[in-house]
Amino acid sequence: MLRIFLWIQAFVQVLSVVTLAPPQNIHVNNWQLTWTHDSEKEDVTYTVQYRSFDTSVWKDVQACVQTFSTSCNVTSTKAESEHGCVMLRVLAERQGLTSKPVKACSRHGDSCTPEVSLTARPGSLTVFLSRNHSMVLEHGDHVKHRVYYGKEGQSLQQKYKDAVYSLSIPGLEEGQRYCTRVQYMLYEKPFGPESCTQCEVIPESEYERRQTVIITAMVVVVVVLILIPAIAYILIFQHGRIKKCLHPPCKIPDNFLLEPFSEHHILSSPSEEHYDIITAME
């Protein structure tokens, strides 16, 4: 049983190593699709696929199957598109390996993708949506916008709001970066490629900024008022203890033994001197 588990783990590790990285930055603009790839391999090819919104079947764009190019003109898909719009995606291929397909998004508004701009305010994010496009002229109020939003790094499919016109998203955390993507909703169904992800940082309110400055200043003042008297007290009244700690008393080490002097080291008393008696004679 343990051996089987080890084989499975080794197989998963091998798959993770040989997995081909998908293409990146897939953008569509006026039926021209472009993308990038970070692979250093020169033999990587790309295949572009599309599908209409009334089916879940993806088809290859015949002019862009296993191509070495990083762009593709997808005008040919108009004939099979619904209301002139299709979903597009690109996948990479190399030596029998196929990457995960990545859907295209549009950085510029057109007849299939909303034109979006963002404005961040303290605690909220306003998403401006244009109603001046052919979809509204043709379908009127049956066209809405689905706005996906969330913190940067989180999945944008978990939270969304539907709106006919521009909308404001309240209750956002100040100082955090929030991102959005927008897609048309036609008769309550998603329609057209999504707009590319746009992000904005939610600014702090003037009141919050002032409160932060005031609290910081008060903390600094309190710390200074506490530290200065404490340091003065220690230097003035604890000077002796500080000096004693900095200059510990001398102590003879225990392993230092004094040996007694030997006899030849003992100093002898000075020998008696003899003086001659001088007699004074007249």
Checklist entry - Is there a side-chain contact between Glu188 and His142, using heavy atoms and a 4.5 Å cut-off? => result no
Checklist entry - Do Tyr187 and Phe53 belong to the same hydrophobic cluster, where Ile, Leu, Val, Met, Phe, Trp and Tyr are linked whenever their side-chain heavy atoms lie under 4.5 Å apart, directly or via other members? => result yes
Next on the checklist: For Glu200 versus Leu118, what's the shortest heavy-atom pair and its separation?
Outcome noted: CG-CB, 3.8 Å
Item to check | Test item: Thr77 side-chain N/O and Val74 main-chain N/O as donor-acceptor pair under 3.5 Å | outcome: yes
Next on the checklist: Pair Tyr149, Arg181 - check side chain to side chain contact (heavy atoms under 4.5 Å, CB included), show working.
Outcome noted: CA-CA 7 Å; Tyr149 67 96; Arg181 286 202 312 263; over 6 Å; no
Name the atoms and distances for all side-chain donor-acceptor pairs under 3.5 Å in residues 158-172, with sequence neighbours left out.
from	atom 1	to	atom 2	distance (Å)
Asp162	OD1	Arg146	NE	2.8
Asp162	OD2	Arg146	NH2	2.9
Ser166	OG	Leu129	N	2.8

Next on the checklist: I want to check something: taking the side chain as every heavy atom from C-beta on, are Met87 and Lys103 in contact at a cut-off of under 4.5 Å?
Outcome noted: yes
Next on the checklist: Is there a side-chain contact between Thr70 and Thr36 in this structure, where contact means two heavy atoms from C-beta onward sitting under 4.5 Å apart?
Outcome noted: no
Checklist entry - By ring-ring contact (aromatic ring centres under 6.0 Å, His included), which residues pair with His108, not counting sequence neighbours? => result none
Item to check | Considering all heavy atoms, the nearest Val201-Arg177 contact | outcome: CG2-NH1, 3.7 Å
Item to check | Sidechain-backbone polar pair: Asn73 side chain, Thr75 backbone, donor-acceptor under 3.5 Å | outcome: yes
Checklist entry - Can you list the steps and then say if Thr98 with Leu20 is a side chain to side chain contact (heavy atoms under 4.5 Å, CB included)? => result CA-CA 6 Å; Thr98 302; Leu20 187 61; over 6 Å; no
Checklist entry - Quick one: does Asp60's side chain get under 4.5 Å of Val48's, heavy atoms only? => result no
Checklist entry - For the residue pair Ala21 and Ala92, what are the closest heavy atoms and their distance? => result O-CB, 4.0 Å
Item to check | Interatomic spacing from OG in Ser106 to NE2 in His27 - rounded to 0.5 Å | outcome: 9.0 Å
Checklist entry - Same hydrophobic cluster for Tyr148 and Leu186, using side-chain heavy-atom links shorter than 4.5 Å among ILVMFWY? => result no
Checklist entry - Is it true that the side chains of Arg94 and Thr45 contain a donor and an acceptor less than 3.5 Å apart? => result no
Checklist entry - Is the shortest heavy-atom distance from the side chain of Thr180 to the side chain of Thr197 under 4.5 Å? => result no
Item to check | side chain to side chain contact (heavy atoms under 4.5 Å, CB included) between Tyr50 and Arg89, worked out | outcome: CA-CA 6 Å; Tyr50 73 99; Arg89 70 181 188 181; over 6 Å; no
Checklist entry - Where do Lys151 and Glu173 land on the salt bridge (Lys or Arg N to Asp or Glu O under 4.0 Å) test, with the steps shown first? => result CA-CA 9 Å; Lys151 287 184 179 180; Glu173 188 176 346; 2.8 Å; yes
Checklist entry - Hey, are the side chains of Phe128 and Val116 touching, using non-hydrogen atoms and a 4.5 Å cut-off? => result no
Checklist entry - Trp31: what forms a ring-ring contact (aromatic ring centres under 6.0 Å, His included) with it, not counting sequence neighbours? => result none
Item to check | side chain to side chain donor-acceptor pair (under 3.5 Å) between Thr126 and Arg121, intermediate numbers included | outcome: CA-CA 8 Å; Thr126 301; Arg121 294 183 176 87; 3.0 Å; yes
Checklist entry - Atom CD in Glu115, atom OG in Ser195: separation rounded to 0.5 Å? => result 10.5 Å
Checklist entry - Taking C-beta and beyond as the side chain, do Leu91 and Gln49 meet within less than 4.5 Å on heavy atoms? => result yes
Checklist outcome for this item: Taking every heavy atom of Glu152 against every heavy atom of Cys199, the minimum-distance pair comes out as OE2-SG, 4.5 Å
Next on the checklist: Quick check: closest heavy atoms across Val86 and Pro193, and the distance to 0.1 Å?
Outcome noted: O-CG, 3.5 Å
Checklist outcome for this item: Closest heavy-atom pair, Tyr46 versus His37, reported as atoms and distance to 0.1 Å, is OH-CB, 2.9 Å
Checklist entry - Got Ser69 and Cys64 here, is their nearest side-chain heavy-atom distance under 4.5 Å? => result no
Item to check | Point-to-point distance, once rounded to the nearest 0.5 Å, from CH2 of Trp35 to OG of Ser71 | outcome: 6.0 Å
Item to check | Value rounded to 0.5 Å, distance of CD in Glu194 from CG in Leu156 | outcome: 8.5 Å
Next on the checklist: For Tyr184 together with Phe191, are the ring centres under 6.0 Å from each other?
Outcome noted: no
Item to check | Shared hydrophobic cluster, Tyr178 / Val182 (ILVMFWY, side-chain heavy atoms < 4.5 Å) | outcome: yes
Checklist entry - Does the side chain to side chain contact (heavy atoms under 4.5 Å, CB included) test come out yes or no for Val223 and Leu227, once each step is laid out? => result CA-CA 6 Å; Val223 170; Leu227 285 180; 3.6 Å; yes
Checklist entry - Atom SG in Cys112, atom CG in Leu88: separation rounded to 0.5 Å? => result 9.5 Å
Checklist entry - With distance as the sole criterion, is a donor-acceptor pair present between the side chains of Glu93 and Thr47 under 3.5 Å? => result yes
